[in-house]
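Letters A, B, ... are given to chains in the order of the sequence lines, protein chains preceding strands, and every chain is numbered from 1.
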Amino acid sequence: MSAIAEQSNQESNTTGANSNEYLTFVLGEESYGIEILKVQEIRGYDAVTKIANTPSFIKGVVNLRGLIVPIVDLRIKFHLGKVEYNELTVVIILNLGGRVVGMVVDGVSDVMNLQSNQIRTVPEIVSSIDTKYITGLATVDEKMFILVDIEQLMNSQEMELIDAI
Amino acid sequence: MTIDMSQFYEVFFDESDELLAVAERLLLDVNIENPDSEDLNAIFRAAHSIKGGAATFGFMDMTEITHVLENLLDRIRKNEMKLTAEHVDAFLTAKDVLKMMVDGHRLATDVNLEQVADVKMMLKSLSENGDVTPKTTSAVVAIKPELEPEPEIVILSDNNTPIADGLKRFNISFINCSEKDLTNLQSELELLGSVILGQATDKKPYLLLDTESDQDDILSICSFVLEPEDLVITLLDPTLEATIVAPAKTQVAQSLVSNSVVTEPVADSIKDEKPKTEKVKVEEEVGYGLFAEEGEENVEEGYGFFAPFKPHPDAQVLQLIGDDNASAALEDKKAEDAKVVTETITPTTMQPAAKRESPTSNASSETTSIRVGIEKVDQLINLVGELVITQAMIEQRISTLDPAHHEPLINSVGQLTRNTRDLQEAVMSIRMMPMDFVFSRFPRMVRDLAAKLNKKVEFVTNGATTELDKGLIERIVDPLTHLVRNSVDHGIETPEQRKKSGKNETGRLTLSAAHKGGSIVIEVTDDGAGLNRSKLLAKAKSSGLNVGESMTDTEVYQLIFAPGFSTAEVVTDVSGRGVGMDVVKRNIAAMGGVVEIRSVLGYGTTVSIALPLTLAILDGMSVSLGRSLYVIPLGLIVETMQPTMNDIKTVTGKGLMVSVRGEYLPIIPLYALFNQDTEIMHPTEGVLVILEAEGKKAALFVDGLVGQQQVVIKSLETNFKKVNGVSGATIMGDGSVALIIDVPAIIKMGQLNTEGAMQ
């Protein structure tokens, strides 16, 4: 998987100087994109083991082939759309510098190759996601994608996934 | 192409550490009066291996030390010097210095150069002073495995004019050579031709050698015995030496002839290639004979130079076989790393020979292990853990199948179950190491400490083969060191005091390890003064601790673990244990262990540590709460009960208590603590699990008990953060995750909770 990603990354390096591949997914009504190299795998939503005294957006932990992995629901965290768990609910397993975290999304759409000139800067707006975690906005076929620096977001204090330093 | 040597450094460091540990153990065991030659050889080998390794990797400082050390050891093992206590001390110091150097190279720690120089000086002076007058009658042959570097040859005479009969005569004189070396050399040179020992006008010995070989051969033979710099080889015109040669030559020749049972003229035996080869074979046979069938007649035969000899029984057979050349025979000997000791006349001959039992089996046991990175082993253990879970899942799934229709499948899964269990057991045992790894470092410490304190201590270990998880082994070292030091320092009295109280002057310190149930119990026992209950109590009172006369002995002894309790005053007054005992207790508690003290005033103290067998697996009780499962470490559960209404009491209408045989324990409702939904809201409908940790008891209220099982502990913190009240997680048979309850934290949380509730 990472080999493929690496290969495609190499290809994109040869085609355009500043292009990256993004995995796009849907949260409520909005489409988001994250760097594909941070994605380890995509799975369906399974039963989680709740952990006491944690915020509601931390659903709990699951067993990922022997690894205990926490699952967060960004829809709860950012108040996006209806929170429901059905057969279509997907968990994106992220590998952020060795730490494995799963995030619940409404659906995975596509993998896109975006050139740097396709990415616009974020205007100063009020959003539930702090704009410092949004790296840019990309428009493809009239559709807007919000590009998120997922590693910074997940490692931030507000996600409460890591011990306060 | 260059090879990056640094990748091998780690191996060298590990190996050095091991060799140093072996050497130290041998040194401590060595009987100074009558040292076992095998032990001396083993120590020598250790020093030699380190020297070789250090030279290869360019750690010249280590090479230098080991070289001097090796020289001294070599002289002792060849009986040129008597082993003294002074030597043993010097060797031990050298070992410490080497260890320091290894650490210096490895961890970039400080190396005390002064100390290094001191040790070097000490070893040097010891090896120079300790000369024993060599016995002229003994012949010792030592074949060292290493070849010294090719030296420069000093040639004093004219060029290599061959003598008429094809032989050359060499004069070999020595700059610095003991008589023992001389005899060794003489026997070695025999391999090349006839040898005559003579003495020059200045009393310096020299050897005359008639041979076909050239200087290089002689030199390489000599280098087994002497440093090449120490000898001068000169090619001579044979006629000049005729007068000396004649009588001696006859003698040599006679011995030659008789040895090989070939009656030929002297000149021929020298000239002819064949008898020479035989002779080599005979020698070799003598060598191997010593090695394998010690105590046989041929031991005493030596090389037949200075003693009355008997014809060698094997000689004729050998004559038939013998076609190998001298160097091949030598190679063989080198390969065997054999050291052959023969003393032809001294009556003690048999002793060193008899001692050399099975040196080869020793050597082979060293090579039956491989070095594997600990992370690989851990990965293996994890994978097997996964396999066990997957296997359990399969088992669960097929349990619903109809046995009549799926018999083959069910049988196969049964087979899989057994195989998996065996595999898990085997893999878990990889991490197990004998306690000897810990115990072996104490004899030295006790010895040094006792000497420093002028005490006499006999150190005994029991159950050194008991196996314990490597992770625990490493962590138990510090607490144990502390306890042992305390025992020697404060437990065991001075010889005078012991005499006064009618005890043996030599105190006894016992370290023992044994399996008891699911845990391993390690005990440090001394027959010293014991703990003084009243003094402990008085001290505790004066430092403001809440104590009373009604406390049990066990409780009183636990006081010494209280932080800050250990003041110097206590240590001297109570003869006991103090400094850092709280650290000991904390360390052991962190490993999931328990410390206990038993003591009788005047008779001694035992500190007993009970540890779980491994850190990775936990014996747990799974309990249910709502729809989730939690695992409670079994070792911390005292009992479980289903209370009746009468057992439940309230304080100010809120804090719930349960009375267990007259004792009131706070009830901690897990659902409230973990904010979990459950239908069972009153203790009488559920189960109370009585927990005890860190001296505190509480009753945890859960929905019900599910079962007892062994679980593999997984850290939550790998991908998440520390959660209060949870010490980790585990994966259950169905693949779901269950949290493991951190009992001490839960008890603390429960207290806060009830306090909050009462406000």
Any donor-acceptor pair under 3.5 Å from A:T49 side chain to B:V737 backbone = yes

message = Heavy-atom cut-off 4.5 Å, strictly under: side chain, backbone, both or neither for A:V62 against chain B?
response = backbone

ask   = Got a second to check how far A:N63's CG is from B:M732's CE, nearest 0.5 Å?
value = 12.0 Å

message = Does atom CZ (B:R627) have a neighbourhood of more than 12 heavy atoms from anything else shown, all under 6.0 Å?
response = no

task = Report the C-alpha distance between B:L716 and A:V61 in whole Å, list the side-chain angles of each, state the deciding distance to 0.1 Å, and finish with yes or no for side-chain contact (heavy atoms from CB on, under 4.5 Å).
result = CA-CA 9 Å; B:L716 262 189; A:V61 288; 4.0 Å; yes

note = Applying a strict 4.5 Å limit to non-hydrogen atoms, the region of A:I58 in contact with chain B is side chain

key: Residue part contacting chain A, namely of B:T718, when any heavy atom lies under 4.5 Å   = backbone

message = Which atoms of B:V726 are under 4.5 Å from chain A, going by heavy atoms: the side chain, the backbone, both sets, or neither?
response = neither

remark   = Bottom line for B:S715: the part with an atom under 4.5 Å from chain A's heavy atoms is backbone

message = Within a 6.0 Å radius of atom NZ on B:K722, are there more than 12 heavy atoms belonging to other residues, nucleotides or ligands?
response = yes

ask   = CG of B:D422: more than 12 outside heavy atoms within 6.0 angstrom?
value = yes

request  = Give the minimum heavy-atom separation between B:N719 and A:I68, together with the two atoms involved.
outcome  = ND2-O, 3.0 Å

Derivation of the side-chain contact (heavy atoms from CB on, under 4.5 Å) call for A:I51 and B:F720 = CA-CA 11 Å; A:I51 294 176; B:F720 196 47; 3.7 Å; yes

request  = List the steps, then state whether side-chain hydrogen bond (donor to acceptor under 3.5 Å, both in side chains) holds for B:N724 with A:N53.
outcome  = CA-CA 8 Å; B:N724 204 8; A:N53 305 324; over 6 Å; no

query = Which pair of heavy atoms, one from A:K50 and one from B:Y630, lies closest together, and at what distance?
reply = O-OH, 4.5 Å

